[in-house]
Participant: 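The structure that follows is given in the form of structure tokens.
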Amino acid sequence: MLNLSNIYKHRQTTKQGETMERAHHTHVELAETYFKSLIEAGELSLRSMEGVRLYVGALGDVVQDGVLVEHLAGSGAEVLRPRAGSVARRVVAIDTSSVKVAEGGGGLVVALRGALAVREAGRLSVEVVGPLIYFVRPENLGRIMGAMGGGGAYRLDETIQRVLASLFEKRLQEYAVERFDDSIMLFDGSLSAGPIDNPIPVMERILWKAGERGCDVVAFSKTSVLSLWGERIQSLMTRDEPPYLIHLTPLVRRLNLRVRLLGEIFLARLSRGGGGFRVDARLVGDVEEVFGSLLSSDPLIHGYPETLILAHDYATFTKPDIIAIQAALARRAEVLEGQSVRDLLFNPLDGDWR
């Protein structure tokens with residue numbers, strides 16, 4: 001049985017750069033509320049792996065992009081400026097990653113990991129949850145999705161990794177907003193909801209809890225398929241010197257959307273030398289004050305918050321991570337390297353050169 005201490009790690013750095021690793025029992029107790037059922041569902045799924053033959057091959061993280069493919073039309077978007085001298089606040093950034101580790105035996109093995117990067121009063125800490133490992137088959141799909149908090153009819157197809165990753169990210173976001181108050185919460189992606197991997201009730205509950213605890217939610221999208229006057233919104237700029245935000249919500253709401261917008265939408269260009277980002281915000285305070293506080297609290301890398309970059313880096317699976325997970329799977333099942341049809345056809349004489 002997996003122990004929560006194996007999938008929950010905390011790293012803290014002081015102003016002087018000291019690094020300390022320590023157990024935080026109160027954090028673990030709270031984490032169990034959200035992740036114990038997820039761990040148990042994963043363990044149950046792995047028990048059914050005994051004697052199964054699995055194949056490992058090309059690996060990659062899920063890339064989640066926006067779902068809005070409409071073109072915006074109109075003009076006169078409002079330009080806002082973050083308020084200079086706004087008070088610094090705690091910043092909490094949340095990101096997750098997923099990877100397909102292997103497939104076979106009527107299912108596939110998916111690994112999930114998430115990270116929270118917290119910056120407060122000159123200190124930076126990173127907490128990692130995972131990896132959580134699931135052997136997903138039709139027989140246990142409903143149980144796993146139920147543990148994740150998803151509702152509706154799910155199918156074991158090419159979308160299941162994305163669905164698992166998204167639902168896990170929502171669990172981590174909910175954990176964060178219940179854990180911290182009076183903070184700026186940084187999410188990866190948008191605050192649009194509606195697809196089966198992003199249920200509206202779940203996202204509404206997270207945002208409501210954030211508001212109750214005095215937290216402002218700001219979501220940065222690294223990519224977006226929203227376009228404005230024929231251009232991707234990240235490429236749009238005004239002649240104003242950054243930092244500034246272009247308020248796009250009134251234009252977006254004119255569209256016949258397939259998703260529900262749960263926040264205001266901006267194009268944010270927050271520093272020189274970088275392009276803009278689509279930013280969705282659900283705020284307790286006013287826009288200028290919240291973004292002013294963000295600029296006072298967190299360094300920006302090409303206009304993107306450093307804590308969100310750190311959360312992404314700590315959540316991402318590396319090649320050694322995958323090799324370690326595959327080695328663990330080999331204790332339960334036969335793990336084989338999948339053959340490459342391309343190599344068989346085009347490199348028949350290369351042998352084992354790789």
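What's counted below: heavy atoms across the whole structure, side chains too, no hydrogens, waters or symmetry copies.
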Participant: Side chains of S45 and I144, heavy atoms from C-beta outward: is any pair under 4.5 Å?
Facilitator: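 S45 vs I144: side chains touch.
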
Participant: Does a salt bridge link R282 with D280, judged by any charged N lying under 4.0 Å from a carboxylate O?
Facilitator: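 D280 and R282: not salt-bridged.
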
Participant: Begin with the C-alpha distance, continue with both residues' side-chain angles, and end with the deciding distance and a verdict on side-chain contact (heavy atoms from CB on, under 4.5 Å) for I184 and R90.
Facilitator: CA-CA 6 Å; I184 299 175; R90 181 194 298 119; over 6 Å; no

Participant: Which distance, rounded to the nearest 0.5 Å, do you find between the CG of L294 and the CD of E289?
Facilitator: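 It comes to 12.0 Å.
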
Participant: How about V99 and V101: do any of their side-chain heavy atoms sit closer than 4.5 Å?
Facilitator: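 They are in contact (side-chain heavy atoms under 4.5 Å apart), so the answer is yes.
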
Participant: Going by the side-chain contact (heavy atoms from CB on, under 4.5 Å) test, name the single residue among P299, S125, S297 that passes it with R119.
Facilitator: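 With R119 as partner, side-chain contact (heavy atoms from CB on, under 4.5 Å) holds for just one option, P299.
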
Participant: Enter the distance from S221:OG to Y304:OH here, rounded to the nearest 0.5 Å.
Facilitator: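 Answer for the OG-OH pair, S221 versus Y304, is 8.0 Å.
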
Participant: Taking atom CZ of R83 and atom CZ of F291, what is their separation to the nearest 0.5 Å?
Facilitator: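 Result: 13.0 Å between the selected atoms.
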
Participant: Side chains of D313 and T316: any donor to acceptor distance under 3.5 Å?
Facilitator: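 Absent: no donor and acceptor within the cut-off.
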
Participant: Considering non-hydrogen atoms only, spot the tightest contact between D181 and S183 and give its length.
Facilitator: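 That closest heavy-atom pairing would be O-OG, 2.8 Å.
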
Participant: How far apart are the closest heavy atoms of L172 and D95, and which atoms are they?
Facilitator: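 Between these two residues, the closest heavy atoms are CD2-O, 3.9 Å.
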
Participant: Is the closest basic N to carboxylate O distance between E174 and R205 below 4.0 Å?
Facilitator: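 Counted as a salt bridge, because a side-chain N and a carboxylate O are separated by less than 4.0 Å.
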
Participant: Is there a side-chain contact between K170 and I206 (heavy atoms, below 4.5 Å)?
Facilitator: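 A side-chain contact under 4.5 Å exists here.
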
Participant: Using the test side-chain hydrogen bond (donor to acceptor under 3.5 Å, both in side chains), find all partners of R213 that sit at least two apart in sequence or belong to another chain.
Facilitator: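 Here no residue qualifies.
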
Participant: So, the side chain of T307 versus the backbone of V118: is there a donor-acceptor pair under 3.5 Å, distance only?
Facilitator: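 Checking the backbone N and O of V118 against the side chain of T307, no donor-acceptor pair under 3.5 Å is found.
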
Participant: Applying side-chain contact (heavy atoms from CB on, under 4.5 Å) to L141 and R137, what does each step give before you reach the verdict?
Facilitator: CA-CA 6 Å; L141 182 59; R137 300 188 303 161; over 6 Å; no

Participant: Checking side-chain contact (heavy atoms from CB on, under 4.5 Å) against R171, which of T96, L38, V202 comes through?
Facilitator: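 Going through the options one by one, the only one that passes is L38.
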
Participant: Supply the atom-to-atom distance M145 CE to Y134 OH, rounded to the nearest 0.5 angstrom.
Facilitator: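 Interatomic distance, M145 CE to Y134 OH, rounded to 0.5 Å: 10.0 Å.
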
Participant: I'd like to check L207 versus V217 (side-chain heavy atoms, cut-off strictly below 4.5 Å). Are they in contact?
Facilitator: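 In contact.
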
Participant: So, taking the atom named OG in S97 and the one named CG in D188, what distance separates them when rounded to the nearest 0.5 Å?
Facilitator: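 Spacing of OG (S97) from CG (D188) equals 10.5 Å.
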
Participant: Does R89 come within less than 4.0 Å of D182, counting only side-chain N to carboxylate O?
Facilitator: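 Looking at D182 together with R89, the answer is yes, because their closest N to O distance falls below 4.0 Å.
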
Participant: Mind checking whether L186 and V284 sit in one hydrophobic cluster, side chains of I, L, V, M, F, W, Y counted as touching below 4.5 Å?
Facilitator: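 As far as the 4.5 Å side-chain criterion goes, V284 and L186 are not connected within one cluster.
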
Participant: Should the pair R179-E127 be classified as a salt bridge under the 4.0 Å nitrogen-to-oxygen rule?
Facilitator: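 A salt bridge is present here (some side-chain N lies under 4.0 Å from a carboxylate O).
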
Participant: Is E43 salt-bridged to R332, cutoff N-O under 4.0 Å?
Facilitator: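 Judged by the 4.0 Å cut-off on N to carboxylate O distance, E43 and R332 do form a salt bridge.
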
Participant: What's the shortest heavy-atom distance between A176 and M185, and which atoms?
Facilitator: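 Nearest heavy atoms, A176 then M185: O-CE, 3.4 Å.
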
Participant: Does the side chain of V279 come within less than 4.5 Å of I265's, by heavy atoms?
Facilitator: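 Counting from C-beta outward, I265 and V279 never come under 4.5 Å.
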
Participant: Do F180 and L116 make a side-chain contact, defined as non-hydrogen atoms from C-beta onward lying under 4.5 Å apart?
Facilitator: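 Side chain of F180 against side chain of L116, heavy atoms only: contact under 4.5 Å found.
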
Participant: Start with the C-alpha gap between L108 and I160, add the side-chain angles, then the distance that decides, and say whether side-chain contact (heavy atoms from CB on, under 4.5 Å) holds.
Facilitator: CA-CA 10 Å; L108 71 159; I160 200 63; 4.0 Å; yes

Participant: Identify the two heavy atoms, one from N198 and one from M203, that lie closest to each other, and give their separation to 0.1 Å.
Facilitator: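 Where N198 meets M203 most closely, the heavy atoms are OD1-SD, 4.0 Å.
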
Participant: When hydrophobic residues are tied together by side-chain contacts of less than 4.5 Å, even through go-betweens, does L191 share a cluster with W208?
Facilitator: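 Different clusters.
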
Participant: Working to the nearest 0.5 Å, report the span between OG of S86 and CG of D286.
Facilitator: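 Reported to 0.5 Å precision, the distance equals 8.0 Å.
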
Participant: Any side-chain heavy atom of L295 within less than 4.5 Å of one from P243?
Facilitator: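 Sidechains of P243 and L295: in contact.
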
Participant: Heavy-atom distance under 4.5 Å between the side chains of L164 and V136, does that happen here?
Facilitator: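 With C-beta onward as the side chain, the pair touches.
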
Participant: Work out which heavy atom in F317 is nearest to a heavy atom in L112; give both atom names and the distance.
Facilitator: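 Closest heavy-atom pair between F317 and L112: CZ-C, 3.7 Å.
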
Participant: For residues L300 and V91: do they belong to one hydrophobic cluster (side chain heavy atoms under 4.5 Å, members Ile, Leu, Val, Met, Phe, Trp, Tyr)?
Facilitator: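 Linked within one cluster.
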
Participant: Looking only at heavy atoms, what is the nearest atom pair of G303 and F220, with distance?
Facilitator: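 It is O-CE2, 4.0 Å.
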
Participant: Determine whether K100 and V109 satisfy the following criterion, side-chain contact (heavy atoms from CB on, under 4.5 Å), listing intermediate values before the conclusion.
Facilitator: CA-CA 6 Å; K100 183 174 74 173; V109 180; over 6 Å; no

